[in-house]
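Keep in mind that the numbers below use all heavy atoms, side chains included, and drop hydrogens, waters and symmetry copies. Naming: A, B, ... by sequence-line order, numbering from 1 per chain.
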2 protein chains.
Amino acid sequence: MTEKPLVRRCMRDQVRDVLLERILEGTYAPGHRLIELELAAEFQISQSPVREALRELEAMGVVESQRYCGTRVRASDVREMQEAYELRAILEQNCAQLAVPLSAQTLAALESDLQDMQMSAAMQDVMCYSQAARSFHRHIVVESGNRLILQIWDNVQVRARLPFVAHYLVEELREFAAVHEPILRYLRNGDGVAAGDALRAMMQGLSSRMALLTTSHQVDSPEGEQAR
Amino acid sequence: MTEKPLVRRCMRDQVRDVLLERILEGTYAPGHRLIELELAAEFQISQSPVREALRELEAMGVVESQRYCGTRVRASDVREMQEAYELRAILEQNCAQLAVPLSAQTLAALESDLQDMQMSAAMQDVMCYSQAARSFHRHIVVESGNRLILQIWDNVQVRARLPFVAHYLVEELREFAAVHEPILRYLRNGDGVAAGDALRAMMQGLSSRMALLTTSHQVDSPEGEQAR
DNA sequence: AAAATATATATTATCGATAATTTAACGTCA
DNA sequence: TGACGTTAAATTATCGATAATATATATTTT
């Protein structure tokens, strides 16, 4: 397993980034155990930096660990994803209101993101769609001017697992992209309330969809590596 | 400096809690340096658990550290506090809506908190007031049923530095306590929207007050211990 | 055979020491 | 004097090893 040489920048940060990447990309499935000394051996470093990286990931909510029992990738259950979308609904509704009026520059960026969404929706490119959608929504949060909310949103975003969700909605990506059109229109007209309401409705719709996954699909069930 | 014996429960957690307490109580003023080996010596443990505790506090946003340069208590600037109250306004407004109708038990708890607030307001006991107010608002967030929001709220709560804010508002604690009366009444009547609106107004009022502190007071200026 | 107990193993939590790095203090030279 | 380099001191980052603990496995007891 060859990996980048891990030089310059403290080991801890590098390990964190590598592990986070692996988790988000799915290399480490939910439930996968992360053993400190094993990882230390792989990276050819000692236990300490690995340990600290894991603690950081734990604070971020992507792994969880129990005293003396090890650390494993969190299986984001349906309930949590639902809650994440419910929270996003609230945050983004308000951010839209705070963000208007938007600069021409920001509007252009949103326009560009929307085009990317429509393009990738047509090609059913889930990863690409997720990225564009994330960018679209994030711009609105940024423009709210509240850095704390942005920080929180970024955190919640990780838990919302959009790439995962988009995968289940691959047939409907076009429709989801289309929903963003009126939102952009409202924003362009400076109607933050309408844009906010539309954003909220969209997110709450997704939240409801999450609930349906509970029964139809088994979400994030660890396949290869199980709890013992 | 005698302290609790720090036994049972991993050292890291105990250290974290002690340090957090000291920071929130003001024993460690903003800007205060936290030196790993110094703390390790005080607690009679090694550097590692102290270090991990500091990393955790950093993730919580109460301290900040630079590579090889040490860790110090964050000076929560006015802007951040303002943003925190703006966010609380949004979260609590929505939580009130989600929380109704409340159980008799919860209403009783809110009633009790309100009494504590009025009592401590009368005695100008800032710490006591802060605690009661925190409990009051937290109950509402808990009853929203959204655990993720609760998690976020707890985090934001730390940044809002209520004890600090309350100190500046000590003369007005009575009035602030009184504002909670109609909120409780709305909640008792099951009017989540009205309660939410009132909560939001209160929080936004505080947010505005924070802005005023910018000019009139020098907030959180490290007195004893300075940056070098 | 089932329950309870002891042993073994795997892994984390902590330790004490060293390496790496930053900042401050000092001295040198133009 | 002041810019510049150099050493010294302070502190973090990392290391390698040990202690503590949980889980799994084997053993005994009833």
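By the side-chain contact (heavy atoms from CB on, under 4.5 Å) test, A:Gln93 pairs with A:Gln97, A:Asp197, A:Arg200, sequence neighbours left out. Scanning for side-chain contact (heavy atoms from CB on, under 4.5 Å) contacts around B:Ser65 gives B:Arg55, B:Glu58, B:Thr71, with sequence neighbours left out. Here B:Glu36 pairs with B:Gln47, B:Arg51 under the side-chain hydrogen bond (donor to acceptor under 3.5 Å, both in side chains) rule; sequence neighbours left out. Contacts of B:Glu111 classified as side-chain contact (heavy atoms from CB on, under 4.5 Å), with partners at least two apart in sequence or in another chain: B:Gln115, B:Leu184, B:Arg188. Applying the ring pair (Phe, Tyr, Trp, His ring centres under 6.0 Å) criterion to A:His139, with sequence neighbours excluded, gives no partner residue.
Listed nucleotides D:dA13, D:dT12, D:dT14 differ in distance to B:Arg55; the shortest reach to its side chain belongs to D:dA13. Considering only side-chain atoms of B:Pro49, the nucleotide from C:dT14, D:dC15, C:dA20 that sits closest is C:dT14. Distance from the side chain of A:Arg33 is smallest to C:dT11 among C:dT11, D:dT21, C:dC15. Here D:dT14 is the nucleotide among C:dA13, D:dT12, D:dT14 with the atom lying nearest to any side-chain atom of A:Arg12. Which of C:dT11, D:dT12, C:dC15 sits closest to the side chain of B:Ser48 comes down to C:dC15. Of the listed nucleotides (D:dA13, C:dC15, D:dA22), D:dA22 has the atom at the smallest distance from the side chain of A:Cys69. Of the candidates C:dT12, D:dC15, C:dA20, the closest approach to any side-chain atom of B:Tyr68 belongs to C:dA20.
Nucleotide C:dC15 holds its P atom 11 Å from the CD atom of B:Gln44, rounded to whole Å. Atoms CZ (A:Arg67) and C1' (C:dA10) sit 17 Å apart, rounded to a whole Å. Separating the CD1 atom of A:Ile35 from the P atom of D:dT23 is a distance of 14 Å, rounded to the nearest angstrom. Atom C1' of nucleotide C:dT12 and atom CD of A:Glu36 are separated by 6 Å, given to the nearest angstrom. Atom CZ in B:Arg72 sits roughly 12 Å away from atom C1' in D:dT11 (whole-Å rounding). Taking atom CZ of residue A:Arg16 and atom P of nucleotide D:dT14, one finds them 12 Å apart after rounding to whole Å. Atom CD1 of B:Ile45 and atom P of D:dT18 are 21 Å apart (whole Å). Put simply, CZ on A:Phe43 is 19 Å from P on D:dA13, counting in whole angstrom units.
The stretch residues 138-150 of chain A participates, sequence neighbours left out, in these salt bridge (charged side-chain N to carboxylate O under 4.0 Å, His left out) pairs: A:Arg138-A:Asp154. Sorted by first then second residue, the salt bridge (charged side-chain N to carboxylate O under 4.0 Å, His left out) pairs that include residues 87-97 of chain B, not counting sequence neighbours, are B:Arg88-B:Glu92.
Using a 4.5 Å heavy-atom cutoff, the side chains of B:Asn94 and B:Asn146 are not in contact. In this structure the side chain of B:Met81 never reaches within 4.5 angstrom of the side chain of B:Arg159, judged on heavy atoms.
Counting any heavy atom pair closer than 4.0 Å across all strands shown, B:Arg51 reaches a base atom. Counting non-hydrogen atoms under 4.0 angstrom, B:Gln47 reaches a base of the nucleic acid. Contacts of A:Leu34 with the nucleic acid, taken as non-hydrogen atoms under 4.0 Å apart, involve only primed sugar atoms and P, OP1 or OP2.
Between the side chain of A:Glu52 and the backbone N or O of B:Glu52 there is no donor-acceptor pair closer than 3.5 Å.
Contacts of residues 56-64 of chain A with DNA chain C (heavy atom under 4.0 Å): none.
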For Watson-Crick and G-U wobble pairs within 3.5 Å on both distances, what is DNA chain C written in dot-bracket notation, | included for inter-strand pairing?
||||||||||||||||||||||||||||||
